[in-house]
**Q** 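Quick one: the structure is below, and I'll ask about it shortly.
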Amino acid sequence: MREQYPCRWSSFLEANDDSSGYFVMVNAQNEVIGHAGYLLQHSKGRYEIVGVVTCKDWLRRGVGASLIAAICQKAKERGHDEVVLYTLDHERNQAALAFYDRLGFQAVHLEKDYYQPGYHRLTLVKSLETE
């Protein structure tokens, strides 16, 4: 796997401005059940969604969708008209791809064998203009 991602994702924890941030969702017992972050892609003038994770017991219960909706709302409030995310395009990731499709993300670019042979990086973009 590419080494830049862990460092890059951790930057949203350290920023003190609007260029990055994260949301955490907890259950009634105050246990973390999901999180998602965002980073401003300065060169593209849009936010990238990173680190979307939902605990296994909470899958398909709206956690991921709520976290992504919160990030999209934040990006829209800051004047952005789209968000981007990168995900794995592999036969074992079809549920995630279907999830992003339901949320209105559109595939715009595929980088074959990006991570390793057979593991491609898919770029997905969601327009915020209709939200």
Side-chain angles (χ1 to χ4, degrees):
M1 297 287 179
R2 300 246 176 179
E3 294 300 324
Q4 77 237 25
Y5 285 102
C7 270
R8 198 164 154 262
W9 288 353
S10 67
S11 69
F12 70 82
L13 295 172
E14 301 163 359
N16 294 322
D17 58 16
D18 287 341
S19 67
S20 64
Y22 63 97
F23 290 94
V24 175
M25 189 174 286
V26 297
N27 63 13
Q29 292 75 39
N30 208 33
E31 300 165 327
V32 174
I33 59 172
H35 62 74
Y38 56 93
L39 300 166
L40 182 61
Q41 292 182 332
H42 292 283
S43 63
K44 305 243 181 188
R46 65 182 178 194
Y47 281 100
E48 175 186 345
I49 297 174
V50 297
V52 180
V53 177
T54 301
C55 290
K56 198 173 198 173
D57 293 344
W58 286 85
L59 290 174
R60 293 179 177 77
R61 295 169 73 180
V63 173
S66 295
L67 291 165
I68 289 173
I71 291 171
C72 290
Q73 181 61 37
K74 179 77 73 178
K76 191 171 182 176
E77 288 170 2
R78 293 182 178 157
H80 297 276
D81 59 1
E82 68 180 17
V83 293
V84 66
L85 67 82
Y86 303 97
T87 193
L88 176 65
D89 184 20
H90 185 268
E91 61 190 28
R92 292 179 159 171
N93 205 32
Q94 294 308 305
L97 297 176
F99 167 72
Y100 293 129
D101 182 63
R102 283 191 306 274
L103 294 181
F105 284 88
Q106 306 237 334
V108 297
H109 187 65
L110 178 66
E111 295 169 88
K112 293 274 196 181
D113 302 324
Y114 182 83
Y115 300 105
Q116 62 188 34
Y119 291 81
H120 318 302
R121 182 169 90 158
L122 184 63
T123 303
L124 301 169
V125 173
K126 177 179 173 72
S127 172
L128 303 177
E129 292 180 355
T130 59
E131 298 210 355

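Every heavy atom of this structure was used, including side-chain atoms; hydrogens, water molecules and symmetry mates were not. Keep in mind the model is a prediction, meaning the values are calculated, not measured.
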**Q** Between D113 and G118, is there a donor-acceptor pair closer than 3.5 Å when you use the side chain of the first and the backbone of the second?
**A** yes

**Q** Side chains of H109 and V125, heavy atoms from C-beta outward: is any pair under 4.5 Å?
**A** no

**Q** How close do A36 and V52 get, counting heavy atoms only, and between which atoms?
**A** CB-CG2, 3.9 Å

**Q** Do K74 and F23 make a side-chain contact, defined as non-hydrogen atoms from C-beta onward lying under 4.5 Å apart?
**A** yes

**Q** For Q41 and E48, work out which heavy atoms get closest and say how close.
**A** NE2-OE1, 3.3 Å

**Q** Please name all residues satisfying side chain to side chain contact (heavy atoms under 4.5 Å, CB included) with Q29, sequence neighbours left out, ordered by chain then number.
**A** N27, E31

**Q** Looking only at non-hydrogen atoms, find the nearest pair between H120 and Y115 and report the distance.
**A** O-CE1, 3.7 Å

**Q** Does H80 have any side chain to side chain contact (heavy atoms under 4.5 Å, CB included) partners at least two apart in sequence or in another chain, and if so, which?
**A** L40, Y47, A75, R78

**Q** List the residues meeting side chain to side chain contact (heavy atoms under 4.5 Å, CB included) with D101, not counting sequence neighbours, and say none if there are none.
**A** none

**Q** Does the side chain of F105 reach to within under 4.5 Å of the side chain of I49, using non-hydrogen atoms?
**A** yes

**Q** Looking at every heavy atom in both L122 and L110, which two are closest together, and how far apart are they?
**A** CD1-CD1, 4.1 Å

**Q** If two hydrophobic side chains count as joined below 4.5 Å and joins carry through other members, does F99 share a cluster with L59?
**A** no

**Q** Show every salt bridge (Lys or Arg N to Asp or Glu O under 4.0 Å) that has at least one partner inside residues 36-47, sequence neighbours left out.
**A** R46-E82

**Q** Just distance, no hydrogens or angles: give the donor-acceptor pairs under 3.5 Å from side chains in residues 60-72, sequence neighbours left out.
**A**
from: R61; atom 1: NH1; to: D57; atom 2: O; distance (Å): 3.1
from: S66; atom 1: OG; to: G62; atom 2: O; distance (Å): 2.8

**Q** Going by side chain to side chain contact (heavy atoms under 4.5 Å, CB included), name the residues that satisfy it together with V53, two or more places apart in sequence or in a different chain.
**A** H35

**Q** Measuring from Y119:OH to N93:CG, what's the distance to the nearest 0.5 Å?
**A** 10.5 Å

**Q** Just so I know, are the side chains of D89 and Q94 near enough to count as touching, which here means a heavy-atom distance under 4.5 Å?
**A** yes

**Q** Taking side chain as C-beta onward, heavy atoms only, is T87 less than 4.5 Å from L85?
**A** yes

